[in-house]
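Working notes, structure below.
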Amino acid sequence: MDESRRPDTPSAPDIAPGGEAPAPRLNQTRTGIKPKAMPDPEADLTDPGLYFNRELSHLQFNVRVLEQALDEAHPLLNRLMFLLIFSSNMDEFFEIRVAGLKNQVALGDETTGSDGRLPRSVLAEIAQIAHEQVERQYRILNEALIPALETQGLRFRRRGDWTEAQRTWVRDYFETEIMPVISPIGLDPSHPFPRLVNKSLNFIVELEGKDAFGREGGMAILPAPRSLPRVIALPSDLCEGGFTEYVFLSSMIHAHAEEVFPGMTVRGCYQFRLTRNADMSVDPEDVSDLASALRGELLSRRYGSGVRLEVADNCPEELADFLLKQFELEATDLYRVNGPVNLTRMMSVLGEVERPELCYRSFTPGLPKALSKRDSVLQAVAEGDILLHHPFQSFSPVEEMLREAARDPDVLAIKQTLYRTGADSPIVNALVEAAGNGKEVTVVIELRARFDEADNLALASRLQEAGAIVIYGVMAYKTHAKMMHIVRREKGQLRHYAHLGTGNYHSKTAKLYTDYSLLTAHPTLCADVHKVFQQLSGMGRARRIEKLLHAPFTLHERLVAMIDREAEHARKGKRAHLIIKCNSLTEPKLIQALYRASQAGVECDLIIRGMCCLRPGLPGISESIRVRSIIGRFLEHTRVFHFHNDGKPETWGSSADFMARNMFHRVETCFPLLDKKLAARVRKDLETYLVDNCQSWLLQGDGTFVKQTPGEAAPISAQETLLYAYAARA
């Protein structure tokens, strides 16, 4: 393997033995511009050596999330949250990305991405990095976070540390809450190895003796009841020294396993967890009813082929091998862990602990002056475009605009796209109310939003029952655009209003994800939104759209053209600069356009949260491209593209990332900020991200990430800066 092409794990701190403070991070790269090499006109921009592997880049993002668990700039409970998010991210990574690679290998499919890496090679490197980082995750938990939590009066009690009173309480809890719902499964010729649900907690138990039917002991599987919490708070009167104490369900089951097998001797009891392939495939040519097809796929997702096996680190080798054989996995698919195998379920603790001093300070999202002066959102929007930057500014005006439209007798029609929303959200409630009030309500629901399919099926049923027209979009293209369209009669004429966003219509994630919302009554923009809705609901050729860029039709071509336009300005000796902020950058032709721009002398600042296949800093190829990833309190989710354009700047917001799926296989919108003040504000926001020296990681040409630190300069956190700039009370 070409080591120069390998995106190794970041140069990141580890924890010293005994839980000592982490070593300081290295800050080897500044953002200053170096003298450029001459561009190589003969360079082949399709050369695999110019691209990082997509899956390995995705894995590196997960590692950067894990890094936050060691960053003492975050409050303690939020450091624990990042460690648990790493677990959740890795679950999905194995369920989708690793599962896909394993399918390729099984089918003998050696199709490669732009980087030219074969699936088997990528899987081997994923296994190496994932084993290292998972082992490191548990050391961070056991040696850094759990001791730190204990100093704050929060304790997780292991079985060996229970007091006598706690043992009694655990025994009572086991007998009353666990025993009635637990179902042991003995393994013998009449009881073959059971089908276990994806990511469920289970135990493999070694037994000795004879049961009631005279059967010799052997092995049994003990699934933990899925209805029970995985972490249980002990009663306060049983906690010592004023501590708040927790015990794990796995410890309770382990401690009382012999009660599940009366008269037998339990020689060993070891927790394990299987991760399965959870991707869903629906062939558009074989499906006449998408909703029915997805309901069937949701059931099969729980029992897909195995991709990863997690076991307790004290599980004997022969039992681990037995489990691997049952799930048709290899030794590299086995992950031994020093702690609970299902760490993600510890998230419940974060919601139960009332210790505000151990969490981020609360804040009240702000409102633009244009909205604070008006009682009616529609009236405020009629007077001029309004831009909201979530979560620093409230998402409630978007909900209020829809709620107002639902109750306004002059509103005739409402159209809406929904991707990840939830059946009981304020947005859906308003749409139901609008339909009940006799409005023409049309909702385009993307049923195939991964891991939200069940929720979307539920909300589709609810809207249909209310009388709304529900459309599932275009079969071969996911509808990922974030659009709302309102038609209102004003002074005898129809006036149009629209919302265009970079994120989902989800009030909870709007408090956690950074996104932009544009509320507009601009006639041309609203007409474009109307045309996109007509394309989604009806049939016919693509219509001419004036202002919006629209995938899968014009978005990719225009983005390449705008990047090339910036390169042409640079070749003429003019100042040329672009800023791209999105979640992922993987599409080869867009990367090649950025390489051409860099060769021409364009300064390219890329703020890419997750996957990035572009290699920055290569002499003669990408020297003027800087790639940074921001990881902080909020999940960076905005997709914003800014082009200097020879002093006539253009700034765009979009629902699309720089990925092939967004450009060619989804319905996306990209909207211009036509109000110069709003565009300038977004440019200022982007510049704030570019000077972040607290939560910013710079991607190097060899694939490593270097975390930026202030050094002797003033510390600048982009998210904190924006929070104080926009929030009502920080």
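Worth saying up front: this structure is predicted, and the values here are computed from it rather than measured. Numbering starts at 1 and runs along the sequence shown.
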Can you tell me if Y270 and H254 form a side-chain donor-acceptor pair at under 3.5 Å?
no
Stepwise side chain to side chain contact (heavy atoms under 4.5 Å, CB included) check, L149 with L77:
CA-CA 8 Å; L149 288 165; L77 285 178; 3.9 Å; yes
With a 3.5 Å distance limit and no angle check, can you tell me whether R230 reaches the backbone of L228 through a side-chain donor-acceptor pair?
yes
Would the distance check show the side chain of S88 and the main-chain N or O of L84 forming a donor-acceptor pair, the cut-off being under 3.5 Å?
no
If a pair satisfies side-chain hydrogen bond (donor to acceptor under 3.5 Å, both in side chains) and one of its residues is in residues 169-184, list it, with sequence neighbours excluded.
none
Should we count CD of E164 as having more than 12 external heavy atoms under 6.0 Å?
no
Residues Y360, H74; criterion side chain to side chain contact (heavy atoms under 4.5 Å, CB included); working and verdict:
CA-CA 8 Å; Y360 293 123; H74 298 299; 2.8 Å; yes
Note, T244 side chain near Q152 side chain (heavy atom, < 4.5 Å)
no
Electrostatic pair R136:E67 at N-O distance under 4.0 angstrom
yes
Heavy-atom pair of closest approach, residues F174 and I253:
CE1-CA, 4.1 Å
Atom pair CD1 (I85) and CG (L80), whose distance is rounded to the nearest 0.5 Å:
10.0 Å
Approximate separation, where rounding is to 0.5 Å, of Q708 CD and I716 CD1:
12.0 Å
Main chain of V337, side chain of E310: is a donor-acceptor contact present, judged purely on distance under 3.5 Å?
no
For the side-chain hydrogen bond (donor to acceptor under 3.5 Å, both in side chains) test, which of R308, E95, E92 pairs with T275?
R308
To the nearest 0.5 Å, how far apart are CG in L323 and CD1 in I204?
4.0 Å
Taking T638 for the side chain and D515 for the main chain, is one N or O donor matched with an acceptor at less than 3.5 Å?
no
Side chain of R139, backbone of N338: donor and acceptor closer than 3.5 Å?
no
Determine whether more than 12 heavy atoms belonging to other residues, nucleotides or ligands lie under 6.0 Å from atom CD of E354.
no
Is a side-chain donor or acceptor of R157 paired with a backbone partner of Q166 at a separation under 3.5 angstrom?
no
Closest non-hydrogen atom pair between S57 and M611, with its separation
OG-CA, 3.4 Å
Taking the side chain as every heavy atom from C-beta outward, state whether L154 and V349 have any pair of such atoms under 4.5 Å apart.
no
Less than 4.5 Å apart, any side-chain heavy atom of F322 and any of L187?
yes
With the side chain counted from C-beta on, respond yes when E245 and L238 share a heavy-atom pair under 4.5 Å apart, and no when they do not.
no
Less than 6.0 Å separating the ring centroids of F93 and F61?
no
Minimal non-hydrogen separation, L329 against G306, with atom names:
CD2-O, 3.3 Å
Under 3.5 Å: donor-acceptor pair, side chain of N504, backbone of Y419
no
Here the pair of heavy atoms bringing F203 nearest to C269 is CD2-SG, 3.6 Å
Kindly compute the distance separating CZ (F634) from CD (E720), expressed to the nearest 0.5 Å.
7.5 Å
Taking S696 for the side chain and N693 for the main chain, is one N or O donor matched with an acceptor at less than 3.5 Å?
no
Any donor-acceptor N/O pair, Q695 side chain to S717 backbone, under 3.5 Å
no
Pair C315-F272, side chain to side chain contact (heavy atoms under 4.5 Å, CB included): steps then yes or no
CA-CA 9 Å; C315 181; F272 71 93; over 6 Å; no
Counting N and O atoms only, with roles assigned by atom type, does the side chain of R159 sit under 3.5 Å from a partner on the main chain of V247, one being a donor and the other an acceptor?
no
Student check: side-chain heavy atoms of D692 and I630 closer than 4.5 Å
yes
With heavy-atom distances below 4.5 Å as the criterion, would you say the side chains of F327 and L196 are in contact?
yes
Taking the basic N atoms (NZ, or NE/NH1/NH2) and the acidic carboxylate oxygens, is any pair closer than 4.0 Å for D333 and K102?
yes
Criterion salt bridge (charged side-chain N to carboxylate O under 4.0 Å, His left out) against D91, the qualifying member of R276, R345, R273, R97:
R273
Less than 4.5 Å apart, any side-chain heavy atom of L350 and any of N78?
no
Provide the closest heavy-atom pair for V260 versus P184 in the form atom of the first, atom of the second, distance.
CG1-CG, 3.5 Å
Polar contact flag, side-chain donor to acceptor under 3.5 angstrom, E636-Q719
yes
Derivation of the ring-ring contact (aromatic ring centres under 6.0 Å, His included) call for F395 and Y513:
CA-CA 11 Å; F395 184 71; Y513 295 8; over 10 Å; no
Do E328 and S305 get their side chains close enough for a donor-acceptor pair, meaning under 3.5 Å?
no
Does any non-hydrogen side-chain atom of T704 lie less than 4.5 Å from one of Q60?
no
Side-chain ion pair, E317 and R336, N-O less than 4.0 Å:
yes
Once you round to the nearest 0.5 Å, how far does OG of S394 lie from OH of Y726?
15.0 Å
Can you name the closest pair of heavy atoms from L83 and Q137 and give their distance?
O-NE2, 3.1 Å
Point-to-point distance, once rounded to the nearest 0.5 Å, from CD1 of I608 to CZ of R628:
11.0 Å
Has E352 got more than 12 heavy atoms of other residues, nucleotides or ligands less than 6.0 Å from its CD?
yes
Please assess I146 against L141 for the test side chain to side chain contact (heavy atoms under 4.5 Å, CB included), listing each intermediate value before the final yes or no.
CA-CA 6 Å; I146 286 180; L141 175 67; 4.0 Å; yes
